[in-house]
Protein chains: 2
Amino acid sequence: MSAEPAAHRVIPGATVARLPVYLRALSALATAGTDTVSSEELAEAAGVRSAKLRKDLSYLGSYGVRGVGYDVARLRDEIEGELGLRHDFSLAIVGMGNLGHALAAYSGFATRGFAVRWLVDEAPDVVGTRIAGLTVIDFDGLARECNDSMIGVIATPPDAAQDVADRLVALGVRSILNFAPAVLSIPSGVEVRKVDLATELQILAFHQQHPRLDPKALDRDALDPKTDDLEEGAAP
Amino acid sequence: MSAEPAAHRVIPGATVARLPVYLRALSALATAGTDTVSSEELAEAAGVRSAKLRKDLSYLGSYGVRGVGYDVARLRDEIEGELGLRHDFSLAIVGMGNLGHALAAYSGFATRGFAVRWLVDEAPDVVGTRIAGLTVIDFDGLARECNDSMIGVIATPPDAAQDVADRLVALGVRSILNFAPAVLSIPSGVEVRKVDLATELQILAFHQQHPRLDPKALDRDALDPKTDDLEEGAAP
DNA sequence: AGGTGTGAAAAGATTCACAGCA
DNA sequence: TGCTGTGAATCTTTTCACACCT
C-alpha cells in the first residue's frame, strides 16, 4: 500500500519546483476536455521525461491507475492542494519604479490564487497616486493591512532591497519574491525566491560562448523523432 | 600545478548559475576600493558557503593566493571572460504588452554588456510606435538586423510563445529568455532560460504551507539560496 | 598563521528497468 | 496488454577536512 492521501512525505525541492509546470499542463488538458492522461503524454506537455514525472508524482501519493494513466481533474486538484492553492494569496509589491509599475499591471502575475492587493512606496510624491486601479500606500499603511496570506514582492533598486526585506519580515511576511539584484539576509522561517534578469542573461551568454558540444546528440534522432531537449531542474 | 589560464575544463551548470552572483559581489567590492578578498568574505557577500565558493572558483583555475585570498579585480575579470561578457549582447524583446513594455524601460535589464536594441511586435497598430526610445518593428524588420550577438526575449502571451520561438530560431538566434508561461520545443543548440512568475509564487505558496521544520536552523540566519530554479540548472 | 585548492564522503536528483496491478 | 510505482544504479552537487603554499 502506498495510496495514502496525506502523509509526512518529504517532497524534494526539485520536485516542488516542477509541480507548477505539471499543474499548468493539467489545467490545459482539463480545458481541452481530456480527462485521462498517461505519464508519457503529461511529461511531453511539461517538457520532462516520463520517469521523472512518475517519480515526482509518487511523492504526492498514488494517484494514477496502472494500465490507464492519471485522472486529469483529480491530479490537478491534488497538486493544487499540495501547493497550498486552496486559499488565495495577496501580493504586496514594494517599489513603484518601472518594474513595480509593470508587475502591478502584468496580468500574468494575477494567476489564479494570487492577486496584487497592495502597492507600496516610500516616496511622498508616489504615495497616494493610483496605479493599475490601486492606491499606492507606504509601509505604515501596509502594516495596518498585513495578514497571513501576504506575499511580499521586492521591486526596488538593489540598495533598498535589504531594508525593504527587513521591514516586510518585521510585518510578519513569510514569503518574499525578490526582483532586486541583491543578496538578502533573511531569518530562517522566511522563504525568499529571487528573479534576477541580469543573472539569466549572463547564464545565456556563458552557454553561447561555450556551445555544448552536444554529448550524444547524434543518436537522438535514431531513437526518437523529437530531438528537442531543453532545460531542466532546479535548486534547493 | 593547476593554475592554467584557459582550459577545456567543464564547468558544472550549478556553478555557472552562481558566477553572475560572484561577479556582482566582486564589482561591489571593487567599487568600494577593496582589492583583496577571502573566500569567507566573498561567500558571505554572495550568500553561499565558503567551501562551495572555493570549489566553484577552482573550476575556473587557481586565481587565489594561499594565506591571502583573491585579487578582486583579477577575479572579476576572469569571471567576466568566462561568462563571455567581453563583448556586448543585443536584446530583442518580442511582445509589447505590459511586460514587454516594462522590460524595454527597465534599467536593471540594461546591465553592462546587455542592451535592449530591438522591440518586436506583429500587431500593425503597435509596429512603428516608439517605446523607451526605440521604434517597434515586426519580424521582417528584425530579420534584417539579426546578428550573432542577438538574444531573444519572449514577452508574449503563452499561446504565441512557441511561434515566436520558432521564428527566432529561424533567424539564427541561439539564446532565448522566455517570460511566457509555456513549455517551448526548441532544437538542441539553442539555449532557453525561463523566468516564470506564477511558478515562483506557487513555490512560495508551497513552502508557506509546509513550513520547513528547520532541520538545523539555529546556526546562521542568512543564506541558502535555491533557484535556480526556477529553476533550474544546466541541461541534459 | 592564515587561507586556498581539492580529494573523498555525503546528500540530492535523475534515469533505468521491471515487478505488479488494472 | 499497458502503464504506474519504485528499488537500485548513476550522475550531479554540496559538504567536509586537510595537505599545501605564502
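Lettering of chains follows the sequences in order, A, B, ..., and the numbering in each one begins at 1.
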Quick one: list whatever passes side-chain hydrogen bond (donor to acceptor under 3.5 Å, both in side chains) with [X], sequence neighbours left out.
{"X": "B:Ser39", "result": "B:Arg54"}
{"X": "B:Asp166", "result": "B:Gln162"}
{"X": "A:Glu40", "result": "A:Ser50"}

(request) Among residues two or more places apart or on two chains, list those pairs meeting side chain to side chain donor-acceptor pair (under 3.5 Å) that have a residue in residues 20-34 of chain A. (result) A:Arg18-A:Tyr22, A:Tyr22-A:Asp56, A:Arg24-B:Asp196
(message) I need the full list of side chain to side chain donor-acceptor pair (under 3.5 Å) pairs touching residues 85-94 of chain A, with sequence neighbours left out, sorted by first then second residue.
(response) A:Ser90-A:Arg117
Enumerate, atom names and distances included, each donor-acceptor pair closer than 3.5 Å involving a side-chain atom of residues 147-157 of chain A, sequence neighbours excluded.
{"from": "A:Asn147", "atom 1": "OD1", "to": "A:Ser149", "atom 2": "N", "distance (Å)": "2.6"}
{"from": "A:Asn147", "atom 1": "OD1", "to": "A:Ser149", "atom 2": "OG", "distance (Å)": "3.0"}

(message) If you only use heavy atoms from C-beta on, which nucleotide in C:dG5, C:dT14, C:dC16 is closest to the side chain of A:Tyr59?
(response) C:dT14
Can you list everything that forms a side chain to side chain contact (heavy atoms under 4.5 Å, CB included) with [X]? Sequence neighbours excluded, please.
{"X": "A:Arg74", "value": "A:Tyr63, A:Asp71, A:Glu78"}
{"X": "A:Val68", "value": "A:Thr36, A:Val65"}
{"X": "A:Phe206", "value": "A:His210, B:Ile11, B:Val16, B:Glu82, B:Leu83"}

Could I get a table of every N or O pair under 3.5 Å where one atom is in the protein and the other is in nucleotides 18-20 of chain D?
{"from": "D:dC20", "atom 1": "O2", "to": "B:Arg66", "atom 2": "NH1", "distance (Å)": "3.1"}

(request) Give, ordered by number, those residues of residues 29-40 of chain A having at least one heavy-atom distance below 4.0 Å to an atom of DNA chain D; if nothing qualifies, reply none. (result)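 The stretch gives A:Ser38, A:Ser39 as the residues lying under 4.0 Å from the strand, ordered by number.
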Protein-nucleic acid N or O pairs under 3.5 Å, nucleotides 7-10 of chain C:
{"from": "C:dG7", "atom 1": "N7", "to": "B:Lys55", "atom 2": "NZ", "distance (Å)": "3.4"}

